[in-house]
Amino acid sequence: MTYNIKLRRFKNEDVTALAEFCNDEDLQRYLLLSKLPYSIDDARDFIKYTKYCEKSGGEQCFAITLDDKLIGCVSYTVQSGCHGNSASIGYYIGKEYWHKGIMPLAVKSILEIIFQNASINRVFAEIFAENAPSARVLEKCGFVREGYLRKGIIKNGVVHDAVLYALVR
Ligand SMILES: CC(C)(COP(=O)(O)OP(=O)(O)OC[C@H]1O[C@@H](n2cnc3c(N)ncnc32)[C@H](O)[C@@H]1OP(=O)(O)O)[C@@H](O)C(=O)NCCC(=O)NCCS
């Protein structure tokens, strides 16, 4: 099966679709995002945030589309100071699209965007250790597991181990 996956910037019209798939406990389980219920206003705020970051140079967020329908988000953040050659990534898609091999396509697309910046030679992701599907996505995109970060993440007051994956060029 081939999927017509594209990345683009978020638009104001994305609020409804975004609020629908983000309003899901399973989707948010291994994200730092923690907003249930996730409302239209939350989606509107997020889109405003993506536009602000696009201009200010913070987290660069891209809508993932399947046949032009919004299904998720993938983002990167260039680090600062002596880590300025690195970018972190994060990603999610709506539950009905899981386990179809879609996210590896989106991650490969964002890698192409990130590596257009010649000074970036390292891309990394720090994921919840329990998030095996996310680890597979990274492995399928050529990331290497670099470390196990004991008690690396805290979410809603609960501490979790984390795993660090990176891709270098
Ligand atoms: C994690 C997520 C991005 C995966 O995206 P996806 O498009 O479903 O990825 P894939 O279809 O490539 O499937 C993931 C891989 O994990 C495997 N997998 C799925 N469930 C698994 C499990 N419980 N244990 C081990 N492997 C699992 C799949 O079999 C697949 O590997 P394979 O192709 O070798 O068979 C998606 O589930 C998601 O958006 N989750 C919610 C948000 C999230 O957790 N984001 C990551 C934060 S770092």
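Note that the structure is a prediction, hence the values are computed from the model and not measured.
- Arg29 and Asp26 are joined by a salt bridge, as a carboxylate oxygen and a charged side-chain nitrogen come within less than 4.0 angstrom of each other.
- Taken from CG in Asn121 to CD1 in Ile114, the straight-line distance is 12.0 Å, to the nearest 0.5 Å.
- Taking OH from Tyr76 and CD1 from Ile89, the interatomic distance works out to 12.0 Å, rounded to the nearest 0.5 Å.
- The side-chain heavy atoms of Ser134 and Tyr165, taken from C-beta on, include no pair separated by under 4.5 Å.
- The ring-ring contact (aromatic ring centres under 6.0 Å, His included) check on Tyr91 picks up nothing, with sequence neighbours excluded.
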Do any side-chain atoms of residues 152-164 form donor-acceptor pairs under 3.5 angstrom with protein atoms, and if so which ones, sequence neighbours left out?
unit_1, atom_1, unit_2, atom_2, d
Lys155, NZ, Gln28, O, 2.4
Lys155, NZ, Leu31, O, 2.7
Lys155, NZ, Leu33, O, 3.1
Asn156, OD1, Ser34, OG, 3.1
Asn156, ND2, Ser34, OG, 3.2
His160, ND1, Glu130, OE2, 2.9
Asp161, OD1, Lys151, N, 2.8
Asp161, OD2, Tyr148, OH, 2.7

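- In this structure, Arg9 satisfies the cation-pi test against Phe62, with its NZ or CZ atom closer than 6.0 Å to the six-membered ring centre and inside 45 degrees of the ring normal.
- Looking only at side-chain heavy atoms (C-beta outward), Lys95 and Leu27 stay at 4.5 Å or farther from each other.
- Taking each heavy atom of Gln60 and Cys53 in turn, the nearest pair found is NE2-O, 2.9 Å.
- By the neighbour-count criterion of 12 heavy atoms within 6.0 Å, atom NZ of Lys140 is densely surrounded, having more than that number from other residues, nucleotides or ligands.
- Put simply, CG on Leu7 and CD1 on Ile110 are 6.0 Å apart, with the number rounded to the nearest 0.5 Å.
- Shown here for Ile93 and Trp98, the closest heavy-atom pair between the two residues is O-NE1, 2.7 Å.
- Glu54 places none of its side-chain heavy atoms less than 4.5 Å from the side chain of Thr50.
- Residues Ile113 and Ile102 fall within the same hydrophobic cluster, defined by Ile, Leu, Val, Met, Phe, Trp and Tyr side chains chained together at heavy-atom separations under 4.5 Å.
- In this structure, Val168 is not a member of the same hydrophobic cluster as Leu138, with clusters built from ILVMFWY side-chain heavy atoms closer than 4.5 Å.
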Going through the distances and angles, do Tyr97 and Ile5 end up as a side-chain contact (heavy atoms from CB on, under 4.5 Å)? CA-CA 12 Å; Tyr97 301 100; Ile5 297 297; over 6 Å; no
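- A donor and an acceptor atom, one from each side chain of Glu59 and Ser75, are located under 3.5 Å apart.
- Legend: residues meeting ring-ring contact (aromatic ring centres under 6.0 Å, His included) with Tyr30, ordered by chain and number and at least two apart, are Phe128.
- For Tyr3, the OH atom is densely surrounded, since the number of other residues' heavy atoms within 6.0 Å is greater than 12.
- Rounding to the nearest 0.5 Å gives a distance of 12.5 Å between CG of Leu18 and CD of Glu13.
- Between Arg169 and Asn117 the shortest heavy-atom distance is NH2-O, 3.0 Å.
- Follow the hydrophobic side-chain contacts under 4.5 Å out from Phe124 and you never reach Leu111; the two are in separate clusters.
- Using a 4.0 Å cut-off between charged side-chain N and carboxylate O, Asp45 and Lys35 make no salt bridge.
- Heavy atoms only, all atoms of each residue included: Pro104 and Cys141 are closest at O-SG, 3.6 Å.
- The salt bridge (charged side-chain N to carboxylate O under 4.0 Å, His left out) check on Glu146 picks up Arg122, with sequence neighbours excluded.
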Residues Lys11, Asp14; criterion salt bridge (Lys or Arg N to Asp or Glu O under 4.0 Å); working and verdict: CA-CA 6 Å; Lys11 305 179 205 169; Asp14 290 329; 5.9 Å; no
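- Between Asn23 and Leu36 there is a side-chain heavy-atom pair separated by less than 4.5 Å.
- Expressed to the nearest 0.5 Å, how far CD of Glu126 lies from CG of Leu32 amounts to 9.0 Å.
- Using a 4.5 Å heavy-atom threshold, the side chains of Tyr92 and Asp24 count as separate.
- Under the 4.5 Å side-chain heavy-atom criterion for grouping Ile, Leu, Val, Met, Phe, Trp and Tyr, Val144 is not connected to Val137 through any hydrophobic cluster.
- The list of ring pair (Phe, Tyr, Trp, His ring centres under 6.0 Å) pairs with a residue in residues 9-28, not counting sequence neighbours, reads Phe10-Phe46.
- Note that CD of Glu20 and CD of Glu96 are 9.0 Å apart. Values are rounded to the nearest 0.5 Å.
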Listing, residues 64-73 side-chain donor-acceptor contacts under 3.5 Å, not counting sequence neighbours, or none:
unit_1, atom_1, unit_2, atom_2, d
Thr65, OG1, Lys6, O, 3.3
Asp67, OD1, Asn4, ND2, 3.4

